[in-house]
Amino acid sequence: MNDMKQNECCYQEVLRTLFRVLKPMSSEMIGLEDGLGRVSSASVTASFPRPLFDESVRDGYVIAETTGHGESVQRYRITGEIPAGSPYGKVLGAGTGCRIMTGGCVPEGGSRVIPHEDCREVDGDILVEKKKLSWNIYIRRKGADISEGDVLVGRGILLQAGHLAHLASCGVQKIDVATLPVVGFFCTGSELRHMNERDLENGQKISSNSLLLRGLLDSIGIPCQDFGIIPDNRQSLLDCFLAAKKSNVDVLISTGGMGPGKYDLVEKLFLEAGGNLIFTELGMRPGKSVLFGTLGKTLFFGLPGPPYAVQTLFNLLVVPVVFSLQGLKEQLPRKTTAYLEHDIPVKRSDLLCFKDGVLELRDGKCYVRLADRDESPNCYIMLSAGQLFFKKGEMVEICLA
Ligand SMILES: Nc1nc2c(c(=O)[nH]1)N[C@H]1C(S)=C(S)[C@@H](COP(=O)(O)OP(=O)(O)OC[C@H]3O[C@@H](n4cnc5c(N)ncnc54)[C@H](O)[C@@H]3O)O[C@H]1N2
Ligand code: MOO
């Protein structure tokens with residue numbers, strides 16, 4: 001437990017270190033239609049109230065009530081019809097009414113809307129029992145939801161479809177958002193070949209990390225630049241680092257070449273290219289072989305080669321950094337606990353281990369299991385150091401990165 005706590009702190013601490021060295025992106029004005037997945041860089045206020053006019057929230061009749069007569073069934077003469085988008089244009093006289101549709105504009109003089117199921121239409125009159133008139137809840141008054149000038153979205157909010165719809169409904173057309181960081185990546189390994197290559201020779205493999213990184217970046221709306229597959233030799237790696245340093249990428253990611261082997265050259269060439277190391281090695285798996293630093297103005301992540309490690313470290317480290325650069329609030333991944341659905345034996349227990357998990361809620365409790373190969377994980381199971389067997393029913397920590 002103590003080990004787990006230490007390791008956990010280490011991961012959170014590493015993220016805090018990363019956040020400290022970030023320089024926030026500048027901002028730009030964009031049309032609302034391009035705002036999905038962007039981060040607001042200023043709070044946005046309503047240009048007009050919502051609703052913009054007194055509107056009916058039922059299909060039925062709007063009436064101008066008369067006062068004083070006490071008959072149990074009241075009668076109003078129908079003088080027109082108000083579909084949504086076509087106002088009546090006149091004052092509704094006392095004792096009269098109009099058919100009105102949901103979203104229709106309540107005319108001046110209209111004091112109450114009666115849903116059609118609560119009254120009858122007979123010979124051009126609306127007949128309504130007096131007892132049906134106890135509530136007056138079917139008119140939404142101008143500005144009842146939002147007044148002009150109200151703050152609709154604060155600064156540092158990741159804009160979802162609902163936010164954009166909300167902003168549009170209050171007359172906002174443009175929004176100030178953080179400029180998107182451009183992320184460059186390259187994959188190192190003399191054994192790697194492009195995905196379109198056929199006839200692989202013995203020992204060669206497809207650089208699946210190239211596609212993985214492109215997809216992960218696309219899925220969070222980040223533009224990327226692929227610097228290619230770089231063989232494990234000094235000159236190729238140095239050239240690649242120097243090209244990336246000269247380019248406009250804000251963040252650079254490499255995969256592979258991070259181990260202690262003879263051909264693992266990433267750290268050396270990063271330093272030769274003028275890189276500044278901030279940390280290597282996280283006290284967790286994956287993450288034992290990882291590097292973070294700066295190369296000129298570019299942030300650099302050296303990720304290890306195994307694809308599962310790339311995906312996990314991308315989610316745990318790169319995603320929070322990419323959003324933090326854009327000024328998103330609450331960048332630390334959320335954690336909770338869940339009951340294990342099955343036993344998990346592990347081969348070694350020297351470090352905290354992150355495994356792809358699927359979290360499910362049943363009967364008010366959280367359960368978690370290892371994700372199948374074709375399943376999308378929705379959390380990481382954090383298997384603490386110092387334990388070789390995790391039993392079904394045991395409570396474990398999970399990270400919702
Ligand atoms: N003696 C030790 N060996 C290793 C240690 C250690 O502590 N002592 N650490 C292990 C750990 S942990 C990791 S993680 C890896 C780190 O390896 P590298 O970053 O050097 O990665 P590579 O050796 O280049 O590749 C590992 C594995 O992944 C495949 N790979 C690499 N790139 C791609 C790609 N773009 N697409 C698909 N697959 C890729 C590669 O072919 C290897 O099979 O080191 C351990 N070793
Ligand atoms: O760095 Mo390795 O990815 O710990 O497993």
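Note that this is a predicted model, so its numbers are computed, not measured. Whatever order the structure lists them in is the order used to number ligands and atoms, beginning at 1.
Under 4.0 Å from ligand 2, heavy atoms of Ser289 appear from its side chain as well as its backbone. Looking at Asn209 against ligand 1, both its backbone and its side chain come within 4.0 Å, counting heavy atoms. At a heavy-atom cutoff of 4.0 Å, ligand 2 is contacted by both the backbone and the side chain of Pro286. At a 4.0 Å heavy-atom cut-off, ligand 2 touches Tyr308 through the side chain alone.
The N/O atoms of Ser207, backbone and side chain alike, include one that comes under 3.5 Å of an N/O atom in ligand 1. The N/O atoms of Cys187, backbone and side chain alike, include none that comes under 3.5 Å of an N/O atom in ligand 1. At under 3.5 Å, a nitrogen or oxygen of Gly287, whether backbone or side chain, sits near a nitrogen or oxygen of ligand 2.
By the 30° and 60° cut-offs, the orientation of the rings of Tyr380 relative to Phe354 is perpendicular.
Looking at Lys142 and Asp54, no side-chain N of the basic residue comes within less than 4.0 Å of a carboxylate O on the acidic one, giving no salt bridge. A salt bridge links Arg20 to Glu13: at least one charged side-chain nitrogen sits closer than 4.0 Å to a carboxylate oxygen. No salt bridge links Glu117 with Lys132; every basic N to acidic carboxylate O contact stays at or beyond 4.0 Å. A salt bridge is absent between Asp363 and Lys365: the closest approach of a Lys/Arg side-chain nitrogen to an acidic carboxylate oxygen does not fall below 4.0 angstrom.
Comparing Ala309, Gly203, Gly257, Gly189 against atom 22 (P) of ligand 1, the shortest heavy-atom distance belongs to Gly257. The residue among Glu281, Met258, Lys288 with a heavy atom at the shortest distance from atom 19 (O) of ligand 1 is Met258. Nearest to atom 4 (C) of ligand 1 by heavy atom, out of Ser254, Pro260, Gly287, Pro286, is Pro260. The residue among Ser208, Gly256, Gly302, Ser289 with a heavy atom at the shortest distance from atom 11 (C) of ligand 1 is Ser289.
Nearest protein neighbour of atom 43 (O) of ligand 1, counting heavy atoms only, is Lys205 NZ, 2.9 Å. Looking only at heavy atoms of the protein, atom 26 (C) of ligand 1 is closest to Pro306 CD, 3.7 Å. Closest protein heavy atom to atom 17 (O) of ligand 1: Gly259 N, 4.0 Å. In terms of protein heavy-atom proximity, atom 14 (S) of ligand 1 is nearest to Pro304 CB, 3.5 Å. Atom 41 (O) of ligand 1 has as its closest protein heavy atom Glu191 OE2, 2.6 Å. Here the protein heavy atom with the shortest distance to atom 23 (O) of ligand 1 is Asp264 OD1, 4.1 Å. Among protein heavy atoms, atom 39 (C) of ligand 1 sits closest to Gly305 O, 3.7 Å.
Inspection of the Arg99 and His116 side chains reveals no N or O donor paired with an N or O acceptor under 3.5 Å. Side-chain contact check for Tyr88 and Glu108: no donor-acceptor pair (N or O, by modelled atom type) lies under 3.5 Å. The closest side-chain donor-acceptor pair between Tyr339 and Glu341, if any, does not fall under 3.5 angstrom.
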- request: Apply side-chain contact (heavy atoms from CB on, under 4.5 Å) to the pair Ile344 and Phe389, showing each step before the final yes or no.
  value: CA-CA 6 Å; Ile344 306 182; Phe389 194 83; over 6 Å; no

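Within 6.0 Å of atom CG in Asp372, more than 12 heavy atoms from other residues, nucleotides or ligands are found, so the atom counts as buried in its surroundings.
At least one heavy atom of Ile206 sits less than 4.0 Å from an atom of ligand 1. Residue-ligand proximity: Pro306 is placed with every non-hydrogen atom at 4.0 Å or more from ligand 2.
Screening Val266, Val310, Leu192, Thr188 for a side chain to side chain contact (heavy atoms under 4.5 Å, CB included) involving Thr255 leaves a single residue, Val310. Of the residues listed (Phe241, Phe279, Phe292), the one engaging Phe300 in a ring pair (Phe, Tyr, Trp, His ring centres under 6.0 Å) is Phe241, and it is the only one.
Note that CD of Gln204 is 9.0 Å distant from CD of Glu191, once rounded to the nearest 0.5 Å.
Close approach of ligand 2 to Lys288 (heavy-atom distance below 4.0 Å) involves ligand atoms 1 (O), 4 (O). Taking a cut-off of under 4.0 Å to the non-hydrogen atoms of Ala309, the atoms of ligand 2 that pass are 3 (O).
Protein heavy atoms come within 4.0 Å of atom 33 (C) of ligand 1.
For Arg362 and Tyr367, the positive end sits near the middle of the six-membered ring, less than 6.0 Å away and at most 45° from its axis.
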